[in-house]
Amino acid sequence: MAREGFRVLKKQGRGGTLVFVGSKNSIGAGKGASAYSAAKAAELHMARCLAEEGGEFGIRVNSVLPDGVIQGSSIFDSKWREARAQNYGIKPEELEEFYRKRNTLKVNVTPDDLAEAILYLAGPRSSKTTGGVLTVDGGNPTAYVR
């Protein structure tokens, strides 16, 4: 997808922006989610590499790293919810509260929170940012950018 986006943006010759949506698992290990965490880490590194490749063409590439966005997410309507809850030793219906309590600000992250972060990184206010990482996780110490 990124390769095709780059092809189109280069051909247009006007620069552009790609925003990847990773996960707190991109930089913070997730117990019981090694394949997911590895894939998200690879996605983040790919975004950083693409930021370098796109710079000369005015193409910016940044990443948003959320954690525990349950509201409106079909993945949490599946066996994923049960597996995550079991991993944490809680009931599936306690998952939202678990994610809220584990972050520093004690908030639930919503799709609107992600949309605002993506809009910021895709818009003119971040026009001099590429290769950046914006966490939207309420403050998850295991995923603080180092």
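All heavy atoms count here, side chains included; hydrogens, waters and symmetry mates do not.
In this structure a side-chain-to-backbone donor-acceptor pair under 3.5 Å is present from S126 to Y120. In terms of modelled atom types and a separation under 3.5 Å, the side chain of N108 and the main chain of E96 share a donor-acceptor contact. At distances below 3.5 Å, not a single donor-acceptor pair connects side-chain atoms of K40 with backbone N or O atoms of S23. Using modelled atom types, no side-chain atom of S26 and backbone atom of G22 make a donor-acceptor pair closer than 3.5 Å. Put simply, the side chain of N62 gets close to the backbone of G131: a donor and an acceptor are under 3.5 Å apart. A donor-acceptor pair is defined here as one N or O able to donate and one able to accept, closer than 3.5 Å; no such pair exists between the side chain of T135 and the backbone of L65. Side-chain N or O atoms of R60 include one that pairs as donor or acceptor with a backbone N or O of T129 at under 3.5 Å.
Nearest heavy-atom pair across A29 and S37 is C-OG, 4.3 Å. Shown here for Q71 and P111, the closest heavy-atom pair between the two residues is O-CG, 3.2 Å. Considering all non-hydrogen atoms of both residues, N87 and G32 come closest at OD1-CA, 3.7 Å. In terms of heavy-atom proximity, V107 sits nearest to G138 at CG2-CA, 3.9 Å. Across all non-hydrogen atoms, the minimal contact from I90 to E94 is CB-OE1, 3.3 Å. Smallest separation of non-hydrogen atoms from T142 and N140: OG1-OD1, 2.7 Å.
Considering D137, T104, I27 as possible partners of Y144, the one that fulfils the side chain to side chain contact (heavy atoms under 4.5 Å, CB included) test is T104.
Under a hydrophobic-cluster definition in which Ile, Leu, Val, Met, Phe, Trp and Tyr are linked whenever side-chain heavy atoms come within less than 4.5 Å, directly or via other members, V136 and F20 are assigned to different clusters. Taking hydrophobic clusters as Ile, Leu, Val, Met, Phe, Trp and Tyr residues chained together by side-chain heavy-atom distances below 4.5 Å, V21 shares a cluster with L134. When hydrophobic clusters are built by joining Ile, Leu, Val, Met, Phe, Trp and Tyr residues whose side-chain heavy atoms come closer than 4.5 Å, directly or via intermediates, M46 is grouped together with F57.
Under a 4.0 Å N-O distance rule, the pair K91/E82 does not qualify as a salt bridge.
Below 30°, between 30° and 60°, or above 60°: for Y99 and Y88 the angle between ring planes is above 60°, a perpendicular geometry.
Here the straight-line distance linking atom CG of L119 with atom CZ of R125 works out to 9.5 Å at 0.5 Å rounding. To the nearest 0.5 Å, the span separating CZ on R14 from CD1 on I59 amounts to 11.5 Å. We find the CZ-CD distance between R48 and E43 to be 11.5 Å, quoted to the nearest 0.5 Å.
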* Evaluate the side chain to side chain contact (heavy atoms under 4.5 Å, CB included) criterion for residues I70 and L95: first the C-alpha distance (whole Å), next the side-chain angles of each, then the deciding distance (0.1 Å), finally the verdict. => CA-CA 9 Å; I70 296 175; L95 206 52; 4.1 Å; yes
request  = Kindly indicate, with the supporting measurements, whether the criterion side chain to side chain contact (heavy atoms under 4.5 Å, CB included) is fulfilled by E4 and M1.
outcome  = CA-CA 5 Å; E4 184 63 16; M1 184 80 122; 5.8 Å; no
Quick one, V133 with L44, criterion side chain to side chain contact (heavy atoms under 4.5 Å, CB included). Give me CA distance, side-chain angles, the key distance, then yes/no. CA-CA 9 Å; V133 176; L44 177 59; 3.7 Å; yes
Practice prompt. Verify side chain to side chain contact (heavy atoms under 4.5 Å, CB included) between V64 and V19, making sure each step is shown before the conclusion.
Written response: CA-CA 7 Å; V64 175; V19 179; 3.9 Å; yes
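Atom NZ of K106 has more than 12 neighbouring heavy atoms from other residues, nucleotides or ligands inside a 6.0 Å radius. Dense packing is recorded around CD of E97, with more than 12 heavy atoms of other residues, nucleotides or ligands lying under 6.0 Å away.
In this structure, R102 forms no cation-pi arrangement with F98, as its terminal cationic atom is not both closer than 6.0 Å to the ring centre and no more than 45° off the ring axis.
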